Amino acid sequence: MNSGPFAHLNQEPKLPRVLPESPVEAGTLLPPAFQFSQKTLQDYVDCARRFQLNTTQGIRWPAAESEPIDEVEHFMEQGAQFHLLVQRYLNGVDQELLKPADPLLARWWQHFLENPPPDLPEAKRIPEVMLSMPVGAQRLVARFDLVALDPGERIVIADWKTSRSRPQRQDLAARMQTRIYPFVMVEAGHHLFGGAIKPEQVEMIYWFAEHPTRPERFTYDSRQHQANHTLITGLIDDILGRDPESIWPLTDERRHCRYCVYRSLCERGVKAGRLDSGTDDLDPTLAAGDATLGFDLDDVDEIAF
Amino acid sequence: MSNYVGEPNPRTMFLEGPFGAGKTTFAVETLFAWLEADIPPEQIVITVPQRTLARRYILALRSVDRPASGDVSIRTLNGLAQDMVDIYWPVVAPEYGFSDPELAPRYLTIETAQYVIGRFVDDAVERGEFEAIKATPQVIARQIIDNMGKAALMDVPYTAIPELLTQAWGPQRARKRVLAYQTAGQIAEQYRTYCLKNRLLDYALQIELFVDLLKKPPIRERFYGQYSYIIADHVEEEAALMHDLLVEWTNRAEGMLVVADWDGGFRVFLGAAPEGIDRLREACDGVMTMGDSLIPEPALKALQQEIAHGIKPEAVEPVETDELGYSFAFHNFYPQMLDWVADKIAWLVDEEGVPPREIAVLAPFLSDALLFSLTYKIEKRGVLTLSHRPSRALRDEPAARTLLTLTALAHPHWGQMPPQPDVADALAQAIGDLDPVRAQLLTKIVYRPNSDPPLTSFDNIKPEMQARITYRAGQLYDDLRFWLLEDYPQRYEGQTAPLDHFFSLLFGEVLSQAGYGFHNSATAGRVTAELVESARKFRQSLYSEGASLDAIGNRYFDIVRQGLLSALYVASWRDELADAVFIAPAYTFLLRNRPVDVQFWLDVGSTGWWERLDQPLTHPYVLSRTWPQERIWQDSDEVEHQRDMLWKITQGLVRRARRHIYLGISDLGEQGFEQRGPLLTVFQGILGRHPQTPDVDNTDHE
Ligand code: SF4
């Protein structure tokens, strides 16, 4: 075989280095095939202990994140539905068929149709893109709601936010999502773009379903890219350097604990923070509709039928 | 060693061979060759019949050696179907007859589906329509749901099932069974109508909608066009419908590798159609065979051939050598066999240096009792164990029992006041330092099942009794009581909140707070999380029915209390990778695809190695595209298929052992009956040809 999809049969096999699945040693910190994401790194930035409980120890702690639970639940569900609606739209489902019955969802949808994120490149629009890259001894993954691009020229990452509140620009700028998404796009999006991407060609836009005329745009440049590289590798090194057996530091910013399920475990309060009294950057509905990152090693099969 | 026959530069290749021949390794190499050749990762899909079989691919794709790039999709058939149904629900739902299709569908799990169909089954059972069937309503419900899923995977209407089963049953056998098939068919229709009316999507409906979508040319084109490079692994475990998709892809793909394991087909009970791989082989441009398993040592290869000869003497010759890579021990009683297994494991680990992780203990079935005594015996000898087993009832978990009892106390109007010992048990679990004796004492004083409220305050107890119980425990009790009877009801102004919210709040605000029993308990967290999740799914799938939250909560409470919901125990990655002996039913082990150095086969005399589960309302072989309609299922068919299954299981197991297999044989089985199953006969034949003495039991047991 010298051409076609099996031409590699004639060559030395090139296999990735997959570590043997040996017994876990005491010092093992992260699950096999673990990938860092904006969510896990944001957890770490907010509170190292939360990252430890959630990611390295996998402790399930089903306390309320915020109250009233039913309202939060409704917001989260509608957020997921909204993401799906846009995905259907971008996949070419006839707009006539996209008429949500839920009033909240219908309002957001109307907002989207009337005031979509402005000035998106037209040539290619790809919903639900996932990219990943190695960072030191780990991988970092990002999943984008929409990537709009003019190949070789400009690339815009759009993210839908269905949160109740609209965070301030400086709060959004500080979020790991705003740092990681353009970073991963520059490093891993070349095959979408048709060649290497310069940071200056990337832009990120948050579009708020409740505030459709006030999207937040973030341009990107080489300086930021370098800073993000330093930040991300620094965080990952910091995590990998920690002792898995000790208790990692609990955050000094106790406001995080109000919206954290582990508050009873950490003895940081009894009742969950209220949705309407949180500051905008802590609004848990900011994560509504955030996609999961595909299936994982410890996923179980819902036995077929 | 491999050989290839076909086109010189194939576009599509069929790769086959036994387990352990290097097929998946080659598939991973192919995947990376494609990525290296700049095939956009988004255009590549890997299909597997179940998620556990994707492990090698996930590990490879997430290796840090892989450069920055896009995502390669890994999908099961169900995953492919869900992707499509999610996107095209608004297109397909109105045509399919769902009510209010502009609303989102609700996905049913096996458990919620079973519950939804349960009401129709119960009615029929009450009318005596399943008298010919010796099965509980839950088992009947499960089999009807199974049939609907199988029909979808065969791509035939589910309404055809009663006729297919009736034809295979034949006119000579008892007519009552046919009536049961018909009733099952009617229930399936009632259940389907109900699902359409309430936008409930069970597995069968998801697959049916998917098939329907693929009949629409633009959607069909989009579906097949999204991936142009395909790796389909373990196609022998896939259903006929998946084979249809893959055959179609062979016509369209720019590159496609189809991988089949010769001895597979273990998922027949889940709709796999191993015979369908011939179609795929024919559809590919070339066939590569990797004929040799790299795993077993020669002695085990010889054993494999001897077992094969024992099962199909007409097809396989016996071997000459007496080096057969196994040992055995006879015991009169079951517990003796377990002691032998545990001793042997301790010896292997301590004396022979075999890592515990390289040992698997396998049985045809794994009851709770067997698992418990085996785990106990092995761990007592200082060796860790890890088990994968069918899950046990959620209510058997102490944390779940505690939550259920407290739920009953907080909902006195349900009239389900728990008995005193349950309340004492719940208080002992819930309150950190309250031991069972003091919990009983406290319960005796404060619990009034017939009063409203049912719990009185610690303050009202005589001081000397307070001192005995301790003030600290009393304070915690009072706070819990206040939360259950006052704080929580007031918050919802006397209305019932969804039960999952109740569990979550009770857990977060009380039971996991400092001083309470769940405070530092990861197990309690996990069990409560399962309860919260399953109560939520239950509520969401029934919500559309218009029932009140209170009634839904009450029903959920009932079914958990009756033990109808199982805990889904998922081992954490740390447990999974721990250096521990793996204990599992043989099928579970086979589908994990992880070879080990040493295997123990428990209870070789059991007929469980041979007999299939008694499933009177369904049939894995008759409900298959290849079973000729109107042909009657004869006893000879049963024997033939059982023989085939025994072949697959034993060949599959030996191929997953590197060094040695120990056979545990006990005269009397777990239930105390004499054991003379066909696997034992096979080994008696082997012993006849190659005599060997039993393994000695050199330890004393009291
Ligand atoms: S409760 Fe507070 S300290 Fe504890 S994990 Fe959460 S954020 Fe960190």
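Quick note on labels: first sequence line is chain A, next is B, and so on, each numbered from 1. Just so we're clear, the structure is a prediction, and the values are computed from it rather than from any experiment.
Not a single donor-acceptor pair under 3.5 Å links the side chain of Asp71(B) to the backbone N or O of Leu131(A). Using a distance-only test at 3.5 Å, with no hydrogens or angles considered, no donor-acceptor pair links the side chain of Asn520(B) to the main chain of Leu265(A). Between the side chain of Ser69(B) and the backbone N or O of Ala188(A), no donor-acceptor pair lies under 3.5 Å. Panel note: side chain Gln513(B), backbone Gly269(A); a donor-acceptor pair is recorded below 3.5 Å.
By number of non-hydrogen pairs under 4.5 angstrom with chain A, the leading residue of Pro41(B), Gly508(B), Pro90(B) is Pro90(B). Options Gln138(A), Met133(A), Glu267(A), Glu187(A) differ in how many heavy-atom pairs under 4.5 Å they form with chain B, and the most are formed by Glu267(A). The residue among Asp202(B), Leu257(B), Asp500(B), Asp100(B) with the most heavy atom pairs within less than 4.5 Å of chain A is Leu257(B). Top candidate by heavy-atom pairs under 4.5 Å with chain A, chosen from Val532(B), Asp86(B), Thr528(B), is Asp86(B). Of all the listed residues (Leu505(B), Leu103(B), Ile219(B), Leu506(B)), the one sharing the greatest number of non-hydrogen pairs under 4.5 Å with chain A is Leu505(B). Heavy-atom pairs under 4.5 Å with chain A peak, among Ala524(B), Ser512(B), Gly255(B), at Ser512(B).
Using a cut-off of 4.0 Å between Lys/Arg side-chain N and Asp/Glu carboxylate O, Asp65(B) and Arg139(A) are scored as not salt-bridged. Salt-bridge check for Glu67(A) with Arg491(B): passed, with a basic side-chain N closer than 4.0 Å to an acidic carboxylate O.
For Leu192(A), the part sitting under 4.5 Å from any heavy atom of chain B is the side chain, from C-beta outward, and nothing else. Only the side chain of Leu98(A) has a heavy atom closer than 4.5 Å to any heavy atom of chain B. Looking at Val93(A), the atoms closer than 4.5 Å to chain B (heavy atoms on both sides) all sit in the side chain, from C-beta outward. For chain B, the nearby part of Ile59(A) is the side chain; its heavy atoms alone come within less than 4.5 Å. With a threshold of 4.5 angstrom between heavy atoms, Leu9(A) approaches chain B through side-chain atoms but not through N, CA, C or O. Residue contact with chain B, scored on non-hydrogen atoms closer than 4.5 Å, involves the backbone and the side chain of Ala101(A) alike. When heavy atoms are compared at a cutoff of 4.5 Å, Asp94(A) does not approach chain B at all.
Between Trp61(A) and Phe507(B), the ring planes lie perpendicular to each other; the angle is over 60°, past the 30° to 60° tilted range.
Here the straight-line distance linking atom CD1 of Ile58(B) with atom CD of Gln35(A) works out to 9.5 Å at 0.5 Å rounding.
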